[in-house]
Amino acid sequence: MIDQARIRSDFPILDWEIDGRPMAFLDSACSSQKPAQVIDAMMDALRDSYANVHRGAYTLSQEATEAYEGARRKVARFLNAAAPEEVVFTRSTTAAINLFAYGWGLGNLKPGDRVLISVMEHHSNIVPWHIIARHTGAELSFLDITGDYRIDLEKPEDYFDERVKIVSLSGMSNVLGTMPPIGEIARLAREVGAVMLVDGAQMVPHSPVDVQEMGTDFLAFSGHKMLGPTGIGVLWGRRELLEKMEPMEGGDEMIREVRLFESTWAPVPQKFEAGTPPFVEAIGLGVAVDYLSEIGMDQILEHDRKLTSYALRRLEEVPGLSIQGPANTIDRGGVVSFDIPGIHAHDIATILDQHGVAVRAGHHCAQPLMRRLGLAAATRASFHVYTSEADIDALVDALGVARRLLASTEAVTVR
Amino acid sequence: MIDQARIRSDFPILDWEIDGRPMAFLDSACSSQKPAQVIDAMMDALRDSYANVHRGAYTLSQEATEAYEGARRKVARFLNAAAPEEVVFTRSTTAAINLFAYGWGLGNLKPGDRVLISVMEHHSNIVPWHIIARHTGAELSFLDITGDYRIDLEKPEDYFDERVKIVSLSGMSNVLGTMPPIGEIARLAREVGAVMLVDGAQMVPHSPVDVQEMGTDFLAFSGHKMLGPTGIGVLWGRRELLEKMEPMEGGDEMIREVRLFESTWAPVPQKFEAGTPPFVEAIGLGVAVDYLSEIGMDQILEHDRKLTSYALRRLEEVPGLSIQGPANTIDRGGVVSFDIPGIHAHDIATILDQHGVAVRAGHHCAQPLMRRLGLAAATRASFHVYTSEADIDALVDALGVARRLLASTEAVTVR
Amino acid sequence: MASLEELYREVILDHYRSPRNRRVLERSNAGADGSNPLCGDEVRVDLLIEAGVITDIGVTGHGCSISQASGSMMGDAVKAKALDEVCRLTDRFKGMMSIEGAADPGLDPERPGAVLGDLEALQGVRKFPVRIKCADLPWTTLEEALGIYESG
Amino acid sequence: MASLEELYREVILDHYRSPRNRRVLERSNAGADGSNPLCGDEVRVDLLIEAGVITDIGVTGHGCSISQASGSMMGDAVKAKALDEVCRLTDRFKGMMSIEGAADPGLDPERPGAVLGDLEALQGVRKFPVRIKCADLPWTTLEEALGIYESG
Ligand SMILES: Cc1ncc(COP(=O)(O)O)c(C=O)c1O
Ligand SMILES: Cc1ncc(COP(=O)(O)O)c(C=O)c1O
């Protein structure tokens, strides 16, 4: 059990009242709030000990470098990576997936090769592959979902063959909450000789991760969804693969030697970190990781599960409402998407907002999935460690208002 | 005249004492300190009104979006850009140059085409071109420097011909301080039909910029060198060229529509901003721009010039010391690199550090320039608006100690 | 903070529940598709233009109450109007929906002969900036249809 | 904060000003180049190895006082030593230079028969973490030269 009162006191924004009601922030899957510890650490880094990293021979710069590399070690420990050098700091999940797509895909993929993703991917794990496919002539293929919103692995041979060179899959869908069996998929990928990336944007903030056990070769995630700052993300990769991978960006820090007409690369991870890195943000992420670890990722997973279970139960009370995502909490994270026929998601979001309930409405950066589900838009409530059952109660109450205001018992008539 | 006492009070770190001596921070060209205003704005954005941008239909997210787009408008005004849409937020200068190199170069360059840069470029404006040259078969060519450390434009026809498709040049050298005649070079570029980028990493933080007057097509710079945060940079481009340019990274935010096998792009600037942007950092940069504008960029240029003049004069007093860079302050910014034969830059930096003087020593991310100058390493002192003459006095005093400790009157003997 | 009643006025809900002009035209000589990728709203506008007058209009698609109501009202407002009048109406509407438009006294719905009629009920949307695009969508699509018609 | 006297001990400055073994060998059968891209230090180590013993060594290049002094001392320390002894010496030196090495009591320079001799004067570098790489550079290059020799 987590000590939620104590946790909530680290997030002053949660005490805010909107029109006299306390805010129910239910959009953590989009971006989480940040505890005071993270904000304070960044502020200290900017105010009291600021200097660039990896550059100066003076004390301040040395200390900044130590703090930056310390954050790398923290993230490595958080993931149980074999070494800190396996942690590459990027701007975000999106930047990490693009780095992998360019660094691994641009040089290795040939016409006829396949990149296997799924229909439930976030745009950030689809569009980079469109770009790389256009550059290389490789093709995309898609794992489908089942009727109960799981990845369809009934006939793996339909998807996995030696044409597949890269498998890139979300560890947790940001719409459905589905957490696919990564270990099994990694095994299938390995059998056909494909390299695998997990888009951990939703998974890493919400469940324990052990990259040495998971089976994947690469893992991408963002700081801002896991109580950390914006502007920072991570690409973890197995060292021997990172060493083979090409850099995407050129610039300082990532070089060993620069001559007029050619340059050689620094060892990993610097090879992938061109220019001044977002090191204040990395320091903030390090503190977020400390914060999460102190609570315990297993506790957070359990907390999410309880809330999801409560939300599924309470939402059932709303007439007409249907859930997009597994109906139970097995291999399912804390995002709950739903649809009320006759009331558009955008109207729901506006009405909820007026009642201090922040949710997201739209296609959730997953247009192919929405098309697959036959929906133009859905509403999504998502949680993190500070979310309480009271937040979900506020959601259900406000949905009642939305129904009274907008749901018409008469069918829509055409004049 | 700037009110330096007031300005310095916004930078609490400058009051710090190291071993009883006030710190003289002379590494602003590497990364500047940040005023309390910038830090406070970021903390507010993280603590009191945090939500992701361009996504939510709720008030908090709407406000965050407004703050992010407000920062874009501020930067556009600061540059006198024709429209805010010409401002693309990136991670850094390095990321901005890579975006241009990939976005413009990858699709347009062919074998035999040339990218013209100069021997005084920072690695971040060399290495991206090595990578793009390898991908496209294009070649690099280099503007040389003269004996007085200026760009050699004696015979422009030696460099500019119709093979040149891209000109990419630093607006101010981070080693020499040299500010090349951008207008003239832009005219030469235009005459041969080349597209031009200015690496403004050093120029934009230190002098007034009017992109509509400058003549260049693109301009790259970083927040962290202009009193702003890490993790944020800008690529400004003429709208019609940005509209023709390809995106580098794929992901959410930069799309109009995503289908299984193809996607279409959002209008500029979103087309180039895949995924959750570093929006808290952009807000911080917006405040830095306000801060700089309030002082006045012409005032800052003048302040730098006075300090540079003072530094050149005081450094002359150090026996044996030679300056790398123009001997006067005409078209020259506030970075002063020097060399004392017989004392290695790294030793100088350590000794200075012990006296509370922070300078940079090494190749300054410009190995080709150092090779051109016949130097293995140099020491660099660099300024910003908070730098005072007392800082330069501290530098000269500490150099005296270094000489007493390390300079041997006997030539180095070989036993 | 704005109140929901300002946004969801009765006349808007009425148009939303019972949209006018919601049909595909059998005979049409202009048309365009519009969409708001952020929220997934989609709209199709078909026009029949005869002798410089919009003689018939069909507005189909799907979306939130605001975009649907706006499309429904737009159909009523532009039908049987000459193209130059439609153009003025569009400008007037967009002006009303822009944040700055707030000061336009000609938009008082109580004012006799208010030119926008029912449409003025959409003024409340201005207080919900994320929703302005929803109200604008049918109009932007109408403009595009007219643009194509005129240039073709 | 550490004091400069700990870093720039007299023996170090002496080696820096008058480097030993600073020559290109006429006869050599092993060698390697090393560099520290951060500060531009470069070093070249040439070896003559006969019957498992380093019978001659040349250390050239350029760099800061620490890397130069470290290279000069290293030449003195490994000359006429058997390869396995050189290997132990290298480990000992690197151990001394690592932050954790601080506790090794065998490194007391006052201690009779301290194995590292002059080299122990470099202990002060440990308090200046950015400079540790400078001290290590000649040794890393020596290790590389021996690695190439043994694998070739
Ligand atoms: C599953 C998934 N992948 C990728 C992303 C992109 O993350 P970011 O915007 O931080 O790059 C998100 C976040 O929206 C996500 O939910
Ligand atoms: C001239 C110049 N260009 C580019 C850069 C790279 O800037 P950043 O490290 O912020 O990407 C620098 C900064 O060191 C610079 O001085």
Side-chain angles (χ1 to χ4, degrees), chain A residues 12-13 27 30-31 33-34 39 43 46-48 50-52 55-60 91-95 98 122-124 126-128 130-131 140 142 222 224 229-231 249-252 255 257-258 260-263 274-276 278-281 346 349-350 353 358 360-361 365 367-368, chain B residues 12-13 27 30-31 33-34 39 43 46-48 50-52 55-60 91-95 98 122-124 126-128 130-131 140 142 222 224 229-231 249-252 255 257-258 260-263 274-276 278-281 346 349-350 353 358 360-361 365 367-368:
Chain A
I13 200 173
D27 196 21
C30 188
S31 202
Q33 298 297 332
K34 291 97 186 57
I39 299 172
M43 191 154 171
L46 284 167
R47 192 187 49 205
D48 298 332
Y50 184 81
N52 209 336
R55 307 222 177 178
Y58 53 92
T59 310
L60 261 186
R91 191 188 69 243
S92 62
T93 305
T94 302
N98 277 277
H122 185 278
H123 292 161
S124 290
I126 303 176
V127 187
H130 287 165
I131 293 176
L140 242 63
F142 294 85
S222 292
H224 70 96
T230 54
E249 294 187 1
D252 198 58
I255 52 95
E257 194 175 7
V258 178
L260 287 178
F261 296 101
E262 63 187 6
S263 19
T276 301
F279 65 90
V280 173
E281 288 71 15
H346 223 173
T350 298
D353 184 35
R360 189 148 174 230
C365 317
Q367 289 176 359
Chain B
I13 198 173
D27 196 21
C30 188
S31 202
Q33 298 298 331
K34 291 99 186 57
I39 300 173
M43 296 312 120
L46 284 167
R47 191 185 48 207
D48 298 331
Y50 185 81
N52 210 336
R55 307 221 177 178
Y58 52 93
T59 310
L60 260 186
R91 190 189 70 243
S92 61
T93 305
T94 302
N98 277 277
H122 185 278
H123 292 161
S124 290
I126 304 175
V127 187
H130 288 165
I131 294 176
L140 242 64
F142 295 86
S222 292
H224 70 96
T230 53
E249 294 188 1
D252 198 58
I255 54 96
E257 193 176 9
V258 178
L260 286 179
F261 296 101
E262 62 188 6
S263 19
T276 301
F279 65 90
V280 173
E281 288 71 15
H346 223 173
T350 299
D353 185 34
R360 187 144 176 235
C365 317
Q367 290 177 358

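Naming convention: chains lettered A, B, ... in sequence-line order (proteins, then strands); numbering from 1 in each chain.
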Problem set entry | SB check B:E281 A:R91 (cutoff 4.0 Å) |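 Between A:R91 and B:E281 there is no salt bridge, as every charged N stays at least 4.0 Å from the carboxylate O atoms.
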Problem set entry | The single option from B:L260, B:V258, B:I255 passing side chain to side chain contact (heavy atoms under 4.5 Å, CB included) against A:I126 |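 Exactly one option meets the side chain to side chain contact (heavy atoms under 4.5 Å, CB included) with A:I126, and it is B:V258.
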Minimum side-chain heavy-atom gap [X]-[Y] below 4.5 Å:
{"X": "A:L60", "Y": "B:D27", "result": "no"}
{"X": "B:V280", "Y": "A:H224", "result": "no"}
{"X": "B:N52", "Y": "A:R360", "result": "no"}

Please flag which part of [X] lies under 4.5 Å from any non-hydrogen atom of chain A: side chain, backbone, both or neither.
{"X": "B:I131", "answer": "side chain"}
{"X": "B:E262", "answer": "backbone"}
{"X": "B:H123", "answer": "both"}
{"X": "B:F142", "answer": "side chain"}

Problem set entry | Non-neighbouring partners of B:Y58 that pass ring pair (Phe, Tyr, Trp, His ring centres under 6.0 Å), sequence neighbours left out |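 By the ring pair (Phe, Tyr, Trp, His ring centres under 6.0 Å) rule, B:Y58 matches no residue at all.
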Provide the closest heavy-atom pair for [X] versus [Y] in the form atom of the first, atom of the second, distance.
{"X": "A:G250", "Y": "B:P128", "answer": "O-CG, 3.5 Å"}
{"X": "A:R47", "Y": "B:P12", "answer": "CG-CG, 3.9 Å"}
{"X": "B:Q33", "Y": "A:Y50", "answer": "NE2-O, 2.9 Å"}
{"X": "B:M43", "Y": "A:M43", "answer": "CG-SD, 3.2 Å"}

Problem set entry | Residue, of A:T350, A:L46, A:T93, that accumulates the most heavy atom pairs under 4.5 Å with chain B |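 Greatest number of close heavy-atom pairs with chain B: A:L46.
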Problem set entry | Set of side-chain contact (heavy atoms from CB on, under 4.5 Å) partners for A:A349, sequence neighbours left out |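 By the side-chain contact (heavy atoms from CB on, under 4.5 Å) rule, A:A349 matches A:V359, A:A361, B:A57.
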Exercise. Do A:D252 and B:S124 get their side chains close enough for a donor-acceptor pair, meaning under 3.5 Å?
Worked result: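 On atom types as modelled, these side chains do not qualify, holding no pair under 3.5 Å.
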